[in-house]
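Each ligand, and each atom within it, is numbered from 1 in the order the structure gives. Reckoned from all heavy atoms, side chains included, excluding hydrogens, waters and symmetry mates.
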Amino acid sequence: MDAQDRYRNERKWMVENTIAARGVRDERVLSAIAELPRHLFVQHEDREDAYADHPLPVGCGQTISQPYIVALMTELLHLSGDEKVLEIGTGSGYQAALLGMLAREVHTIEQHAELSEHAQKVILSLGIKNIHFHTGDGSLGLSTQAPFDGIIVTAGAPLIPQPLLDQLTDGGRLVIPVGSRFSQDLQLWWRDGKKYDSESICPVVFVPLRGRHGWDGEKPGELTREG
Ligand code: SAH
């Protein structure tokens, strides 16, 4: 069996035994994950570990999230294929690539230019063309492209950034980990006219969301002091 077949089998195993088995039901999400080569988004020395259900380092002190959590967060966006979506925290580009397979247009923002450039290369090599890469402070959202049908934040925020709520379409959904520096609550927010509703999904652990509406903002000083 060649390496590509082996990776394909490992992906199929991962989808059935760690993602569907834990309750993710959206068939479009499951089949996109079964297609997308996660091993190309991790560091070379971690490729053999790419289909185990845990996060892995991607450089600049950042991580690619655990596959089950990526699947769960993606499912929560309820994508049918025609949406405009914003991701905060491009990282390896894996989540962005998945969104590109499931939505019409994706914008993704990363604070580290180096990570963004690497992610772009991998995604282009896969022929996924509906993703727009931005570098900067994603805690501000992306007002020039708003509104979005879905916004997904892949870093832990101390509070819900108000600009993200403001940049949702009516009916739009925001998926975001919110909480302390070391553990967060995954939350789903949705807009209904001028009202917002939210639901708590499960405990998660993400690297910190930096920036004005992240841990560098006015209220939480913890990370700012660490530099
Ligand atoms: N979605 C990624 C994993 C992201 S890890 C993947 O699929 O691989 C979180 C990322 O958020 C890190 O790359 C970090 O640099 C980035 N990040 C943190 N705060 C940010 C901010 N305010 N603006 C943009 N990117 C941010």
Side-chain angles (χ1 to χ4, degrees), residues 19 29 32-33 36-43 46-47 49-51 53-74 76-77 85-103 106-123 126 128 131-143 145 150-164 167 175-179 181-182 184 186 204-218 220 222-224 226-227:
I19 298 179
V29 173
I33 292 176
L36 187 62
R38 187 173 190 262
H39 62 277
L40 299 182
F41 292 87
V42 304
Q43 293 179 340
D46 291 325
R47 282 196 173 172
D49 223 13
Y51 298 105
D53 197 28
H54 53 70
L56 287 167
V58 296
C60 297
Q62 308 300 329
T63 52
I64 175 172
S65 310
Q66 174 192 356
Y68 164 69
I69 295 294
V70 174
L72 175 66
M73 289 173 77
T74 308
L76 288 168
L77 290 175
V85 178
L86 173 67
E87 179 198 24
I88 321 285
T90 313
S92 68
Y94 178 76
Q95 172 76 73
L98 192 62
L99 294 170
M101 295 167 79
L102 297 167
V106 177
H107 291 266
T108 181
I109 316 181
E110 171 56 49
Q111 60 176 348
H112 294 297
E114 191 185 324
L115 290 179
S116 178
E117 279 155 25
H118 184 70
Q120 283 182 57
K121 279 192 200 129
V122 178
I123 287 176
L126 292 171
I128 301 173
I131 304 181
H132 305 266
F133 296 85
H134 307 263
T135 310
D137 179 7
S139 78
L140 302 168
L142 193 63
S143 57
Q145 290 291 335
I151 301 181
I152 180 169
V153 183
T154 62
L159 299 165
I160 306 288
Q162 184 62 41
L164 302 187
Q167 292 175 26
V175 177
I176 179 168
V178 193
R181 167 72 178 76
F182 299 106
Q184 304 91 31
L186 183 63
V204 287
V205 179
F206 275 82
V207 296
L209 178 73
R210 308 298 304 248
R212 170 117 60 95
H213 294 272
W215 285 95
D216 302 321
E218 276 158 31
E222 215 177 309
L223 278 179
T224 321
E226 283 170 12

Visitor: Under 4.0 Å from ligand 1, counting heavy atoms only, is it the side chain of Thr90, its backbone, both or neither?
Guide: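 Just the backbone.
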Visitor: Quick check: does any side chain N or O of Tyr51 sit under 3.5 Å from a backbone N or O of His39, one acting as donor and the other as acceptor?
Guide: yes
Visitor: Show the numbers, then the answer: is there a side chain to side chain contact (heavy atoms under 4.5 Å, CB included) between Ile128 and Met101?
Guide: CA-CA 8 Å; Ile128 301 173; Met101 295 167 79; 4.3 Å; yes
Visitor: Just do the side chain to side chain contact (heavy atoms under 4.5 Å, CB included) check on Leu99 and Leu77 with the steps written out, would you?
Guide: CA-CA 10 Å; Leu99 294 170; Leu77 290 175; 3.8 Å; yes
Visitor: Which of the atoms in ligand 1, numbered in the order shown and given with their element, are less than 4.0 Å from a heavy-atom of Leu115?
Guide: 13 (O)
Visitor: Which residue holds the protein heavy atom closest to atom 7 (O) of ligand 1, what is that atom called, and what is the gap in Å?
Guide: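 That would be Gln95 N, 3.0 Å.
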Visitor: Compare all side-chain heavy atoms of Ser139 with those of Asp216 and state whether any distance is below 4.5 angstrom.
Guide: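 No - every pair of side-chain heavy atoms lies 4.5 Å or more apart.
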Visitor: For Pro208 and ligand 1, answer yes if some heavy atom of the residue is under 4.0 Å from a ligand atom, otherwise no.
Guide: yes
Visitor: Hey, looking at atom 26 (C) of ligand 1, which of Gln111, Glu114, Glu87 has the closest heavy atom?
Guide: Gln111
Visitor: Looking at Ser92 and Val42, would you say the former's side chain and the latter's main chain have a donor-acceptor pair under 3.5 Å?
Guide: no
Visitor: For Thr154 and Gly89, indicate whether the former's side chain and the latter's backbone hold a donor-acceptor pair under 3.5 Å.
Guide: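 Yes; at least one donor-acceptor contact below 3.5 Å.
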Visitor: More than 12 heavy atoms of other residues, nucleotides or ligands under 6.0 Å from CD of Glu114: is that the case?
Guide: no
Visitor: Can you list the ligand 1 atoms lying under 4.0 Å from a non-hydrogen atom of Ile64?
Guide: 8 (O)
Visitor: Quick one: nearest non-hydrogen protein atom to atom 10 (C) of ligand 1, plus distance?
Guide: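 Nearest protein contact, heavy atoms only, for atom 10 (C) of ligand 1 is Gly89 CA, 3.6 Å.
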Visitor: So, Ser143 versus Gln167: side-chain donor-acceptor pair below 3.5 Å or not?
Guide: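 Checked: Ser143/Gln167 side chains show no N/O donor-acceptor pair below 3.5 Å.
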Visitor: How does Gln62 reach ligand 1, if at all, at less than 4.0 Å between non-hydrogen atoms: by side chain, backbone, both, or neither?
Guide: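 It is the side chain that gets close, since no backbone atom is under 4.0 Å.
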Visitor: Counting each atom of ligand 1 from 1 as listed, which ones have a heavy atom of Ser139 under 4.0 Å away?
Guide: 22 (N)
Visitor: Can you sort out which atoms of ligand 1 are near Ser92, meaning under 4.0 Å from one of its heavy atoms?
Guide: 6 (C), 7 (O), 8 (O)
Visitor: Any atoms of ligand 1 less than 4.0 Å from a non-hydrogen atom of Thr63? List them with their elements.
Guide: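 Near Thr63, the atoms of ligand 1 are 3 (C), 4 (C), 5 (S).
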Visitor: Under 4.0 Å from a heavy atom of Gly138: give me the atoms of ligand 1 that qualify, with their elements.
Guide: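 Contacts of ligand 1 toward Gly138, numbered from 1: 21 (C), 22 (N), 23 (N), 24 (C).
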Visitor: Is there side-chain contact between Glu110 and Phe133, with heavy atoms separated by less than 4.5 Å?
Guide: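 Side chain of Glu110 against side chain of Phe133, heavy atoms only: no contact under 4.5 Å found.
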Visitor: Which of the numbered atoms in ligand 1 are under 4.0 angstrom from any heavy atom belonging to Gly136?
Guide: 23 (N), 24 (C)
Visitor: Using a 3.5 Å distance criterion without hydrogens, assess whether the side chain of Glu87 forms a donor-acceptor pair with backbone atoms of Val106.
Guide: no
Visitor: With heavy atoms of Leu209 as the reference, note each atom of ligand 1 found under 4.0 Å away.
Guide: 19 (N), 20 (C), 21 (C), 22 (N)
Visitor: For atom 19 (N) of ligand 1, what is the closest protein heavy atom, and at what distance to 0.1 Å?
Guide: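 The closest one turns out to be Arg210 N, 2.9 Å.
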Visitor: Considering only the protein, which heavy-atom contact is closest to atom 16 (C) of ligand 1, and what is its distance?
Guide: Glu110 OE1, 3.4 Å
Visitor: Is the His107 ring parallel, tilted or perpendicular to the His132 ring (thresholds 30°, 60°)?
Guide: parallel
Visitor: What is the closest protein heavy atom to atom 9 (C) of ligand 1, and at what distance does it sit?
Guide: Thr154 O, 3.2 Å
